[in-house]
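All remarks here apply to the structure that follows.
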Amino acid sequence: MDDKKKLSVFSMLIYVLLIASAMNFVWKSGVIESKYLVTRAVENWVSSHHFQLDLKRKYFSDIDSIEDVQEWLRYALPRIMAPATPRSNFPLYAVRFSLRNVQEINNTEPRFQTRAGVTWKDKVGLETSSSSVAALTEGYENDDTSSYGVYREFGFNSPFAVHLFQRDMSQETDLASIANFSLGLQWCSKEFSICSGELLGTQSITKSQSVADVVDDCNYRCEKMERNGKLCYCWTRTQSECKFYHVPVKQMVGTPPTTPCWNHSAGENVYPALEDGHLGRTAHFPLLKRFVHSSEIWRGAEDGLTGFAGSKGFVYSLSFIPQEQIDFLTALQLNVSNGTVRTTYSTQNLLFAQLNDWMLGGFLGPTAGYLVVDWMNWNANFEVVSWLVLKFKAEASGLVTGERNIYHLVVKEDDLESVRADEHSLLWPDFDLWHALYIILVRRLSLSSLSLQEGGCRYEMILTGTKYFTSGWALMSICGIGLHIATIALRYRHHQSLNFTLELAKTDPGKLYSPNIKMFEEEAVAWSEFIIVASIMMVFLHGCLVQYLSDLIPRVSVLVDTVSRSITPVFFLVIILGDVFFGFVIWSNLLFGKSVRDFSDIALCAISLTEMIFGRLSVVEELRDAFPLTGFLFYLTFMILFFFILQYLSRAVVFTSFDDASKQDKEQKELVLPDLAGGNDQLSKLWKRQLAWGKKLLGINRASIAGKDLQISYGPFVLALYVTFVNLVLWVPESNDVVESLTSALKEPTFRKLYPLSGEIERDMSFDRIESPEDVMLWMASGLPTTLYNSSTALPGENELETYAAATQYKQAVIRDWNILLGQTPVRLSLKYNKLLDAPLPSATSRLPVPQKFRDPNQDVTDKTAAQPDVGGAAISSHAAEFHWGSVKCAANSTEEVHDLRARAMLEKYCGNYTTSYGSQQVPNGFTCMLSVDSHATRDALRDMQLNAIVTNQTQQVAIDFVAYNGNVDIFFYVAIVFDFTLSGFIEKDILVETIKLPDIQSPLFALRLFLEIVVIIFTISRLALALREVYRATLAGIRKGKASKFGERLWVAIQVISFRVLGNPFVLLDFLSGITTIVTLVMWYSFVLLDLTQAFFFPETPVWTPAQCVSMGLCSDAAVIAKFSAASDQMRSFALVCAANTIFLFVCSQKYLEAYPYCRVISNTIIRGAADIFCFLVVMVVLLMGYVAMGHTIFGTIMQDFSTVQHSLITCFQMFLGTFRNFEVMRQANSFAYYFYWYTYMVLFRYVLVNMFFAIIAKHFEVEDRETEDKMRQEVEAQAASGEAKQGFFKQCVQVCKSGVASLIGRDKTDHYEVDDAESTAETGMELTEGFDDDSMSVPRSPRTPRSPMRGGIADLLSTESPPDSSFITEQTVQEEHWQYLPEKTKKWAIITAQDIYSFIEEKSKLREQGEKHNKEVYDIDRILEDTEGQIQEKGLELGKAAEKVKLELGQRELRSLKVIHQDQESLAWYIMKREVELKKLEENKLVKQDRYEKMVNAAQSLVSGQGEEEEEEGGY
């Protein structure tokens, strides 16, 4: 393949369009960010629920045994499924349990048979698929399918309940079935019989009780009874008492003792063995069943219930019935039975009861090998179905490992309508123009590769054959096309798997649809496979774009060549080190595998060691804890051998590859004709022409841009003044101490939480562990009052600050002894609610068994992961920041719109009407409750709010803010505690503390601060004015030269001046930015100083706001004070941000003063010299990086915050090759193959190739700059030695630099008119200036025979003579160039004449200017002289340029053409000579062959002749 074939700009634009369409094809369909927000909420909700408090609190991540799994299912899962306050993610229909047991066999080891009679058939356990989805689909030869255990089936989990809750119960005709139906246990009885088994307890019967009442009470008692892990399976009713029995499994029978009260299922139903013949006795027993394998149970096939991933096993479902439906059923039963229903249930208790029955009935035993618990959730706000899969794998050792996976599907309302309209459509529901464009472009790309036409990444499949495996670009291209085709095919396959969406769409709106988890599973798996392939496609998609850049930008081709050259050596370097690496894998496995989980097998060892190289420190910490000395030695040896050797060897490879690529590029450029060489860089041709035209128009060159014309020199002195001023305003060290004290005071208090299912009380709950609305209310009722009233070390009443100093009858709230809260109602509690909308009939919500009201998803509040500034005042989290409460269409703006009656009553009692609250100054945006300084009143109010659940499913935000004053530092602190209840169900909490230092005129530092303000203002304005004046003059000069008369032409000239003069020098640009930012900073400071709060706020005689304060400051209440300080804190936060940014600008600008030293100048010049290469490197790096960013966002974005958005993905990718990324385990959960491909290819490419390439670019230009600096310094030393001047020492150089800095601060020397005018003329004419900031630099040539003047470089002595310019001193004898003698005589003569003419011209014009200055002419006259001189120079240059162009054209047309002809003739002659040489060689070979044959023939003839002579002699002898 010809990889050197150049691509066009148009083809690159087409390919960019392909990238855009491909990203839209993948990302628009997935809504990745919304999926992550739902994942975050579900993950946090599952992981935050513990299942054990005794000794150690255990969560899902702590599960390591079958007992832990049982406890988690009993106590954590019901609270996850049915929380006290409804969440945003509602479970759908049921939880599925898929269990596979391992066969047991007799122990084959005779030595241990007596102690361990049976063992697992396969000691490894169940072999499962490596797929993250189909994890249970391997062989079943080791599965135990025999039935076991016994459990009681509750009514809510029966088939009848499933059928009942799927229909409209209000229209049910058979009301008797509803009246007799129980959500609890289902009972049957047999008279004249008693139960047998272990007696658990008894209950006496009173004579006043009826038989029905006794049966109901004893049924309920048996249902709830549990003794030592044993349940009640039967009870006997006598005349005086009820006896409750636990019947062992061995005493269960499969034959019904009487006609069963339910449908009998042979092999599944079991019954307790009863003793008959007992008069006056009646045995009651519930519906009992055994755990039966799905291959043997007939009900599984009837209900269509299959195991996870279609696997076989013990498959059971746990029905989820929302509390609303349970309440409706209870109300209906009360209506039918006239109020005789005595037992009420909650969803959480029912789930716990059935799970508890399963666990105690032996569902999970010693043979449990693999359990998968999965269910679906629906989030109506995002229209996302999340499928949560929990996997528990048991080992023969007894260890259990848990794993979580979440899959998503977005079911939009429009998609349902599309599927419903045409269920057999070939196009998926969200198909749009971008999707069609992507398919068309992929088709064009594929066809062009097959037809040998130029396409996106050129393919020549038919003719090149194996060249695809010898060319990197070709291989990448063909892989890219294959991935494009696979992406489209899998997207279509997913469309063919839309059975779940299709069934949902077919359901009539308003009718509940029972989701089929098997259909959803197929659709989710299809989407997951599409995402995996599409994510890998993203990398190849962006990587192929580099080829276009390589063909269009020559500098990029060097970088690409470097990558291609270095990839192979680095790859084989990795292979070579891999051999040693494998030895370390075996070493670590043998040495640490028994104690450290990450080294327990070979695969984990390889993964752990690789991640250790790239920065994973958790492995090192575990290794250090288990093996302090050995682990350290292993880590040290491993990192030295691999981290350092791999790092620096790869750097050496890249350096060498970059050097070779640069040399090859240079050689190729030298071989190309000048006219043709410029055509390679297609993108830069137009830019270079425009740049050259603009510089020619404005007279700008590199020296003038880098010179002194537009510098705004702040200087270290002014920088120190500015930093001092900012510190006097912000008081950072003092504020930090108080901020930490207030934050810890809010986080440290603990509160208690009761868990009804287990009866445990968690006593150490704190702010950081708040996860649910219940936790928020508990913290408000207990933790907040502790902070406000009990956080000081002094006892209540002993702290003098607890009473108002001027009026001791008033109390004050004090935090941590010294922080006084302002006002008698110092704390503002703000509550914001959303309206609840009815689910639209066409939506999926109306078709699912979930609440039909949800929070408005079209509100401005959305889940984000980064904090934003707020609208009205204080710093708040993302939700309050982005929620504009002025638009109240989605906010509940009256108590009538709050649906919960108890919460409505609390708002009316404590808060009042809808008013301004946290986040707003004027517009009503919530309900505000002011908390009193009286601790008893506040505690009672907060406890009342907690008991009546003021936080409901409508709550959008709860904010608590107050203002504190610390007299020790004389600073106010605005504190806000914010809880955001997001649409995804996640609770974001934050504590924000802002410092407010009110200006004090009487402070001793006020005069110093005022002086600093004045100095900074004067200096900033003066320097900006000087810079703008110079820009204005340069603009006028450009207008006169370009003869711009129209407004548009003048505007264009002004833009060019700013572009070339300001943006052309980074220091000048930063100077302008820092100057403007300084002015903005000062404006923001004075806007804060002039606030009413800062001007007139004071502590009154009594802490009651007076009418005078209300009129002058608007402070009429404590709420108004908090609002004012909120606004002030917002201004101070913005002021601090601008100050911080401006400080960076100032310190970067200060680096220019170091350029006075040559070695410091080398650093900046290196960056400037290599700017083009660095820019091209950044382009290549960004293109490749965006491929990995897109892949990471696609494959990991739904499960990780680090990749949830493109911005986060970009930051994460930088963290990865910097070695600061840590979340390796979470990445592996997505897909193992995608993780390995993403991680290893990214780290090798970026960490070992691209980063080292950047170092190679810097090293190359630094070497050149350093060499030139050394040569320049050597020439200066030689010149000083020749003139007899002594070299300045370092101290004298520092003094000279300081003098220059002081001179720059006070301005140019006004007595030196020539220097001023020369600088101005240089700014206008663009004449060459000496780079740097040396004071002895000059702007006009000087005669070599004239000594240099300290001030003016010898020009004054030259112009003081009245004689005409004498250029006779310029002769061959005065030329000191060492190679001068080797030039031809004609060239020497031309050089002498030209130099004399130039010198005479310069001397003549310099004399005219000097005469003009002596006669005190106006600046305009001097400018006119300069313009005339410049015009003559330009005309002469134009004339010489035309002549040179003409000569060049003639040379190209005539000489080069003739040279080409000669070259062709030479080639023809060479070809002819080569051909003749070949023919001559063939003739010589033929000659040798014939000569050999001739000699052989002669020899043969001689032998024949000699033979005949001998025969004749012999005959004559006879």
Side-chain angles (χ1 to χ4, degrees), residues 29 31 34-35 38 86-94 162-172 320-329 331-332 376-387 408-425 427-432 495 498-517 519-520 523 833-859 862 889-892 896-900 952-954 983-985:
S29 301
V31 196
S34 299
K35 289 183 177 181
V38 175
R87 308 282 286 184
S88 299
N89 300 288
F90 300 98
L92 296 180
Y93 178 53
V162 175
H163 175 71
L164 179 65
F165 285 105
Q166 288 181 4
R167 60 190 179 187
D168 190 355
M169 290 183 289
S170 62
Q171 302 296 327
E172 177 65 40
F320 175 83
I321 302 175
Q323 188 64 43
E324 292 81 358
Q325 295 190 20
I326 293 178
D327 296 339
F328 180 79
L329 175 64
L332 187 61
M376 297 183 294
N377 298 293
W378 171 251
N379 190 299
N381 300 307
F382 292 103
E383 296 183 297
V384 171
V385 180
S386 57
W387 177 31
H408 307 84
L409 282 181
V410 179
V411 186
K412 296 290 185 182
E413 181 179 326
D414 297 338
D415 297 345
L416 290 178
E417 292 299 318
S418 300
V419 174
R420 188 185 181 96
D422 186 6
E423 59 183 80
H424 301 293
S425 175
L427 303 177
W428 40 88
D430 58 345
F431 188 88
D432 59 9
H495 173 59
L498 294 179
N499 296 325
F500 173 81
T501 305
L502 180 60
E503 291 298 321
L504 188 60
K506 287 182 178 179
T507 305
D508 294 331
K511 294 185 178 180
L512 296 180
Y513 163 68
S514 298
N516 188 318
I517 194 170
M519 293 182 179
F520 178 85
E523 190 171 340
Y833 296 85
N834 293 131
K835 294 180 179 179
L836 289 183
L837 303 180
D838 293 325
L841 289 180
S843 66
T845 305
S846 65
R847 298 172 166 91
L848 293 173
V850 296
Q852 299 301 301
K853 289 183 178 292
F854 59 94
R855 287 166 59 183
D856 186 2
N858 298 319
Q859 59 184 324
T862 56
K889 63 179 182 179
C890 60
E896 287 74 13
E897 294 181 348
V898 177
H899 292 247
D900 190 283
T952 69
N953 60 337
Q954 286 184 255
L983 295 176
S984 64

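- A pairwise comparison of heavy atoms in M376 and F520 identifies SD-CG, 3.3 Å as the closest pair.
- Side-chain contact between P429 and L498: present, with at least one pair of heavy atoms (C-beta onward) separated by less than 4.5 Å.
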So L409 and E523, side chain to side chain contact (heavy atoms under 4.5 Å, CB included) or not? Walk me through it. CA-CA 8 Å; L409 282 181; E523 190 171 340; 3.5 Å; yes
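- Contact annotation: the side chain of L836 approaches that of H899 to within less than 4.5 Å [non-hydrogen atoms, C-beta and beyond].
- Between F854 and A839, the shortest heavy-atom distance links the atoms CE2-CA, 3.5 Å.
- Counting only heavy atoms from C-beta outward, the side chains of L504 and V419 never approach each other to under 4.5 Å.
- Taking each heavy atom of E417 and P842 in turn, the nearest pair found is OE2-CB, 3.3 Å.
- How far OG1 of T845 is from CZ of F90: 9.5 Å, rounded to the nearest 0.5 Å.
- The side chain to side chain contact (heavy atoms under 4.5 Å, CB included) with K835 is formed by just one residue from the set E897, K853, R855, Q954; it is E897.
- Put simply, the side chain of D415 does not reach to within 4.5 Å of the side chain of E383, judged on heavy atoms.
- Exactly one of N377, V38, L983, N381 qualifies for a side chain to side chain contact (heavy atoms under 4.5 Å, CB included) with S88. That residue is N381.
- Counting only N and O atoms by type, the side chains of N499 and E503 include no donor and acceptor under 3.5 Å apart.
- Applying side chain to side chain contact (heavy atoms under 4.5 Å, CB included) to V385 and the options V411, N379, V410 leaves one that passes, V411.
- Counting heavy atoms from C-beta on, the side chains of T952 and Y833 come closer than 4.5 Å.
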